[in-house]
Structure formats: C-alpha cells, structure tokens
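None of the values given here were measured: they were computed from a predicted structure. We name chains A, B, ... by the order of the sequence lines, and we start the count at 1 in each one.
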Amino acid sequence: MINITLPNGDVREFASGATGMDIALSISEGLARNALGIIVNDVPYDLSRPITSDARVRIVTFSDDEGKEIFWHSTAHLMAEALEGLYPGVKFGIGPPIEQGFYYDVDLPDGVKLSVEDLPAIEAKMVELAKRDSPYQRIETTWQDAVAYFTEKGDQYKLELLEGLKDSEITFYQQGDFTDLCRGTHVPSTGHIKFPKLLSVAGAYWRGDEKRKVLTRIYGISFPKKQMLEEFIKMREEAERRDHRKLGRELELYLITPMIGGGLPVWLPNGTLVRRRLEAFLRDEQVKRGYHEVITPHIGNLELYKTSGHYPYYADSQFDPITVEDEQYLLKPMNCPHHHQIFGSKPRSYRDLPYRVSEFGTVYRYEQSGELNGLSRVRGFTQDDAHIYCTQDQLKDEIKNVVELTQLVFRTFGMDVSTRLSFRDDNADKYGGDLALWERSQAEIKDVADEMGLEYFIGLGEAAFYGPKIDFIVRDAIGRKWQLGTVQVDYVMPERFSLEYVGADNAKHRPVIIHRAPFGSMERFISILIEHYAGNFPFWLAPTQVSILPIADAHHTYATDLAAEFEAMGLRVNVDTRNEKINRKVAESEQKKVPYALIVGSKEIDNNAVSVRIHGEGDKGQMSVEDVKALFRRLNVPGAA
RNA sequence: GCCGACUUAGCUCAGCUGGUAGAGCAGCUGAUUUGUAAUCAGCAGGUCGCCGGUUCAAGUCCGGCAGUCGGCUCCA
C-alpha cells in the first residue's frame, strides 16, 4: 500500500500502482471526468501512469495552468496526427504548448505549401480523429530503439533532438497511428479535445537559428468546452478593435507612409496633443525631483560612439555613418554619450551630485523591415531619457527614486506591468566592463528590488552591454509583450568617458551612472496606451476633451462663448456648428471618443447651463456652467478619471 | 533580413470559371433649423500597389519588386 497526500492535507491509502485516474475517481466522478493529469511530487504524470510510492499529489484540470499545458500539448500531437494523415511524409520538429495554445513546427513534403486556407481542413481532420477517442499511450523505450524508429521514418529533426538526449530516459507517446518522441504529459485520450482551433501559419527557423532551414509553424489553441472557444474568439475580436494601428488611423493620431519611410511615424495634431500631455506630466514630475532638462542634436561624431562603445557592439542596428568633410557622423542611436559630455564639460563636485540630466531625445535605430510594427517597433523614436550621475553611496537611493517614478507613471495610467531584473549571461563577448563590477551592480539592483518589495523575475542575457537593468514589461491588446520603462546601472561609461567628480577628500572619484526611461519610448508607450484605453483617453489626455453641440443656429453664440471660456481654462474644445441634427452631432462626438459632450439649446441658455453627456455612458442631465467648469478643472490633471 | 498571406475610391469592403470597375461612409452642392448614436437629394471621386509576361482581351492568370499583416531572428 502507498500513502497519497491530497492538496487539502488528507492522506489516503492506495494499492501500489494506483493511477491518477484511480485517485480522481476516489474523490469524485466529476473530477475524474475533468481531470487531465496529476502532479506527483511536483512531477506531472499521465492519469494512467502507475504511482508506486508515497506521494503528494494534485489533480489538474483545464482551469489549472498545468492542465492547459497538458491539454494544448496533447492537441499539438493531435494536429500532428492529422497532418501526417493529410500530408504523408511530413516531418516534425518541436510542438510545445505556449501561453495561449500551442504550435508545431513541421517540414512539409517537397512542393507542399500551407496557408491559412488549409487550416479548416486540418481542423476538421483533428475533430474526426478526436471522435475516435484514441488513448495517448506512454511508451518507455531505449535510445537505440528511438533512433532506429526515426531513422526508419526518415525524420532528421527528431534524430537531432535525440542527439541531445543520449543520457536521458526516452519516452514515446502514441495515439491512433501517430507516435512522437515526447516527455509528456498528455490527456487520457483524444476525445477530451473537443474544440480545436488553428489560428495561423508562420515560418520559423529550426532551433531558432537563422542559418538553418525554415520550418512551417502552425499555431492553434483548443478548449474542452464550446463556450470557452467562443469567448476566446470574442476576445480576439475585441483585441482587433483595440489595435493601436486601427485606432491610430481612425482617431488621426499618427501616420506612417512608405514615402516618408517604414518605421518613421509622423505625429498628427491629435497624436501630438496626447504626446505633449504625457511629456508635460513627466516633465513636471522630473522638475519636482531635481532633474535638469537638456536638448541634444540628432547626429553626433562617430568618435563619440566609439568612445562609448556603442558603435562596435551595435553596428548592426545603426544607420550607416554619414561622411562630411572627412569626418563621420552617426544618426544618434542613443542619448547617453551626449549627456556624458554635458557632465564632463566642467569640473563637478560631490556637492553637485546626484546630477540628473533629462531629455526627450529622439534616436534612430535600424530595425529589420520585417520587425516594424505600427508605433510599437519603429526606426525613429523619442526616449524620455535621463542619466543620473551619483556617488556609490547615493546609488541605491537613486535607483529607488527612479523605480518609484516609473511606478508612479504606470499607476497613473492603471497599467499592469511585470518587472524583470535583466542580468548578464555567460556570453562574455556581449558585455563590457569587468566581471566584478557586473556582479556588484547586479547585487545592488537585486538588493534594491528586494528592499522595495518588488515582484520580479530574472531575465538572464537581457542586460545592456554596459550593465544590468530593471525593465518594466507590459502587454498589448493581442497579448504580445513589450518592454517600456527601464532603469540601468552603469559602471562602464564613467570609465570610458573618464568622468570624475571631486570628493570631500579633495580627491577625484568616478561617479556611477543610472540610465532610466519610465515611458521607454513615447511611441511604444502611446501604442500601449491607445490599446489600454481602447482609444477612450481619459479627460486629461484626450486630444479633444469637450464637444459643444448647439441644437440650432440660434444657440451658436452661446456655444462659442462657452467654448472661449473653456479654452481660456486651457481645455481642448470643439464646437459643432454644422447644419446637422443633434443626433448626428452626438453620434460623431461618440465616434471620435470625446470624453464630454455638452448639448446646448434654449433650455440650457435659460438656466445658464449645459446638458452633459459622458462618452460611453450617455445623458447625465443638466448642470450649471459653473459646476461644469469645476468638474473639468478637477478632471484635467494627470491620473484623474 | 527569412517564411506565409494580403494590397480595388480618403475609410470599410463587393467584383463568379479572364470580356474593359461597384456600394456604404467621408467630401462637395442644395434643401432642411433640428433635443442625446448618423435628415433628404444631387454631384464628384479609381492608369484595381508598381514593373514585366501570357492572351484577341488581365482587377482577375504567371513572374519580379515594394508596402502591410502574422510569425521567426534581432532589439543599447
């Protein structure tokens, strides 16, 4: 007999060799029906796999992350089985579950090309195979037998994977006529996968190496219940509506034309208003915190970037240098070296530190054409950059200050962020400066993060070449992750630029530099902001804050006088004096997502009032002009909702 | 840059197996003076992304290029 400990602490006795399914059945029939796998002492097991010793177990269903992984991984196998049926000779790379579904990388037989139009047929085949309800069978095998099997099958990809598994236990999973090299775990049978949905086809390099063959990657997802699939599809449609590229065009925020160049967005008047508002918000916060704002040119002598070390490290992602009178200049790929020149331009005393230099600095980076994406990924963008030159003693407090400022930014917009400590990996070529300094700054960053109680994860290999970072990452409407804010510790640049300050001891010392950008890039931040608000900007940010809608010509004077009063308060107002019905004016104000519409007719004029309509909420009734002014004053500050 | 798909009026989209381009909205003109999501009528608007090929004939078929989209790779 073995003792099985359940998550609630109950210990039950089972015969040795009992399976997850036995345990599930002993708890309830419903659980057994929904169970997809069992976690045995932190190791996922198939429900049919015998358990032979005492264990702590947890049965997982689709509502658990592990359950979804098992479900989607099994769906990937089901799709592979369908593909093998439809395209004999297809070879398989890897087919893992991902955050939202799964993919499988496949090498199709010669001459076969797959497009999204082929997906429904594959999906139909999957449904057909699922109806057979074939069990997923775990088969333990030997490395030699596995090699023999895939040699016979001619699948060089699986053979290559096996090369890396020489010393491990090898298992196959088989369902129906399909056998795959797989560690597992899988659902009991294909019948669980009732609602598969294949989503897209893409190219992907074998093992992520661009020198190797491009395989066809098919993305999909699946659900145990129809309603879940429907909800998923509805969510994707909602995401499409929020897409900043669509809203950016509709709301006339920005423009990208091939004539100007890919990845070089032009800010239209509406977008410029939003951006200036954001800049003003951050500028005010920075003034409170003792920053000095500067402006630097868009190009700089190549020597500057050779000194900083950016040039050799990032030659691939810079525009080619421009040659003028035998001197070479680079389109500015970052602002840091310019700011270092400012710090170094005169002797600095320890009394001047921390010295904080900020700039909304526009930089240009060469991004591969296939990478360009609306405002999220561009070739010219503006960083809300700043560099803080401080002493070693001041470093931790300064990091805390900038992390707090960054958090204030995200809090103001109500955005969910995840925090990554971006550290170096073992690839020494990627980084400058000596290892001891790296270890020190990584430790300092981690200390600060712990002291502040940040929830974070560590990203190895994500550091900048000159130092580790704290990065703030958010998701766009369709779930893609983007890095926005960043805080970086740098011991390398002070050395490279020989930056110094005179200490209290009258000796020269090296400052430490913090690089930071709470928004990251204005372009990317605004792309996320558009999707975050679905284009419905809060009052203080909206390009047009108030539409005044007179009922008829007789009310125009009242309306325009009112508009002038609001404008004098610094509000952005539009008066709709067109010869149109009020219904039409209301409709268009709503479509433009203007936060407040004020309807004015004879009734309002008599009371020195307006009728208030809030975007997305509807008619709020009459309000006196004085009350509306007070309301708008209250709403016109950053963070007000 | 690589793989795949897409590209028709300012926007959203029709256009069957090749026969010479259409709608709604936006725009312009006129009528209407209007009470909380689109008043009515008329007019105008396109070398169907670009270049080449097949054909009596190409928006439609084929090839090349560009741009966009979804991925891959990359991202100071």
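- Note on A/Glu588 versus A/Arg584: salt bridge recorded, some NZ/NE/NH1/NH2 to OD/OE distance being below 4.0 Å.
- Between A/Leu119 atom CG and B/G70 atom C1' the separation is 12 Å, expressed in whole Å.
- Remark: P of B/G70 and CZ of A/Arg236 are 11 Å apart, rounded to the nearest angstrom.
- The side chain of A/Arg365 has B/A76 as its nearest neighbour among B/G70, B/U36, B/A76.
- Taking atom C1' on both B/C56 and B/U8, the two are 25 Å apart, rounded to the nearest angstrom.
- Atom CG in A/Leu199 sits roughly 10 Å away from atom P in B/G71 (whole-Å rounding).
- The separation of B/U39 from B/G45, taken at their C1' atoms, amounts to 23 Å, rounded to a whole angstrom.
- Of the candidate nucleotides B/A37, B/G35, B/G71, B/G35 has the atom lying nearest to any side-chain atom of A/Ser611.
- For the atom pair CG (A/Leu108) and NZ (A/Lys91), the distance works out to 11.0 Å, reported to the nearest 0.5 Å.
- When A/Phe423, A/Trp438, A/Phe465 are each tested for a ring pair (Phe, Tyr, Trp, His ring centres under 6.0 Å) with A/Tyr431, only one passes: A/Trp438.
- Between A/Tyr219 and A/Gly261, the one whose closest nucleotide on RNA chain B sits nearer the 5' end is A/Gly261.
- Using cut-offs of 30° and 60° for the angle between ring planes, the A/Tyr254 and A/Trp267 rings count as tilted.
- Within the nucleic acid shown, A/Leu372 comes within 4.0 Å of sugar-phosphate atoms alone, with no base atom in reach, counting heavy atoms only.
- A/Glu250 and A/Lys593 are not joined by a salt bridge, as no carboxylate oxygen comes within less than 4.0 angstrom of a charged side-chain nitrogen.
- Nucleic acid contact for A/Ile582: sugar-phosphate only, since backbone atoms but no base atoms lie under 4.0 Å from a heavy atom of the residue.
- Base engagement by A/Asp619 is indicated by at least one non-hydrogen atom pair under 4.0 Å involving a base atom.
- Using a 4.0 Å heavy-atom criterion, one finds that A/Glu250 contacts no nucleic acid atom at all.
- Across A/Val594, A/Val586, A/Leu598, a single residue satisfies side-chain contact (heavy atoms from CB on, under 4.5 Å) together with A/Arg613, and that is A/Val586.
- By the 4.0 Å N-to-carboxylate-O rule, A/Asp243 lies close enough to A/Arg245 to be salt-bridged with it.
- Evaluation of atom-type donor-acceptor distances gives a pair under 3.5 Å for the side chain of A/Arg377 against the base of B/C74.
- A salt bridge does not link A/Glu523 with A/Arg365: every distance from a Lys NZ or Arg NE/NH1/NH2 to an Asp or Glu carboxylate oxygen is 4.0 Å or more.
- A donor and an acceptor atom never sit less than 3.5 Å apart when one is taken from the side chain of A/Gln488 and the other from the base of B/A76.
- Applying the 4.0 Å criterion to OP1 and OP2 of B/G70, one finds that A/Arg245 has a side-chain N or O inside that range.
- Taking 4.0 angstrom as the limit, A/Tyr103 places none of its side-chain polar atoms (N or O) nearer than this to OP1 or OP2 of B/G70.
- B/U54 sits 15 Å from B/G63 when the P atoms are compared, rounded to a whole Å.
- Between A/Lys234 and A/Glu238 no salt bridge is recorded (no basic side-chain N to carboxylate O distance below 4.0 Å).
- Comparing B/C74, B/G71, B/U12 against the side chain of A/Arg249 picks out B/U12 as the nearest.
- Outside the 6.0 Å centre-distance limit, the rings of A/Tyr314 and A/Tyr305 are not counted as a close aromatic pair.
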Indicate for each nucleotide in nucleotides 2-10 of chain B, in 5' to 3' sequence, whether protein heavy atoms under 4.0 Å reach the base (B), only the sugar-phosphate (S), or nothing (-). BBSS-----

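- Checking B/U36, B/G67, B/G35 against the side-chain heavy atoms of A/Lys603 singles out B/G35 as nearest.
- The listed nucleotides are B/A38, B/G35, B/G70; the one nearest the side chain of A/Ala587 is B/A38.
- Put simply, the side chain of A/Asp434 gets close to the backbone of A/Leu437: a donor and an acceptor are under 3.5 Å apart.
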I'd like a list of close polar pairs between nucleotides 24-28 of chain B and the protein, N/O only, cut-off under 3.5 Å.
unit_1	atom_1	unit_2	atom_2	d
B/A26	OP1	A/Arg584	NH1	2.8
B/A26	OP1	A/Arg584	NH2	3.3

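- Using atom C1' as the reference point in both B/G70 and B/A76, the two lie 27 Å apart (nearest Å).
- If you check every strand for non-hydrogen atoms under 4.0 Å, A/Gln368 touches a base.
- Taking atom CD1 of residue A/Ile614 and atom P of nucleotide B/A37, one finds them 15 Å apart after rounding to whole Å.
- Taking atom P in both B/A44 and B/C2, one finds a spacing of 46 Å when rounded to whole Å.
- A/Phe465 comes within contact range of no nucleotide atom at all, as no heavy-atom separation falls under 4.0 Å.
- Stems are defined here as 3 or more consecutive Watson-Crick or G-U wobble pairs with pairing distances under 3.5 Å; those involving RNA chain B are B:1-7 with B:66-72, B:10-13 with B:22-25, B:27-31 with B:39-43, B:49-53 with B:61-65.
- Within 4.0 Å of A/Glu462, counting heavy atoms only, lies no atom of the nucleic acid at all.
- Spacing of P atoms, B/G52 relative to B/C40, comes out at 46 Å, to the nearest Å.
- At the heavy-atom level, A/Gln318 lies under 4.0 Å from base atoms of the strands shown.
- Taking the P atom of each, B/A14 and B/U7 are spaced 9 Å apart, rounded to whole Å.
- Relative ring orientation between A/His298 and A/Tyr364 is described as tilted, the plane-to-plane angle lying within the 30° to 60° band.
- Remark: A/Arg420 engages A/Asp471 in a salt bridge, criterion side-chain N to carboxylate O under 4.0 Å.
- Using a 4.0 Å heavy-atom cutoff across all strands shown, A/Ser317 reaches at least one base atom of the nucleic acid.
- Taking only side-chain nitrogens and oxygens, A/Asn373 comes nearer than 4.0 Å to OP1 or OP2 of B/G70.
- A salt bridge links A/Glu495 with A/Arg510; the closest basic N to acidic carboxylate O contact falls under 4.0 Å.
- Side-chain nitrogen and oxygen atoms of A/Arg217 include none within less than 4.0 Å of the OP1 or OP2 phosphate oxygen of B/G70.
- When the P atom is compared between B/A5 and B/C28, the two are found 42 Å apart, to the nearest whole Å.
- The aromatic rings of A/Tyr596 and A/Phe632 sit perpendicular to each other, their planes meeting at more than 60°, with 30° as the lower class boundary.
- Remark: the A/Asp553 side chain and the B/U33 base include a donor-acceptor N/O pair separated by less than 3.5 Å.
- Heavy atoms of A/Ser589 sit nowhere under 4.0 angstrom from any nucleic acid atom.
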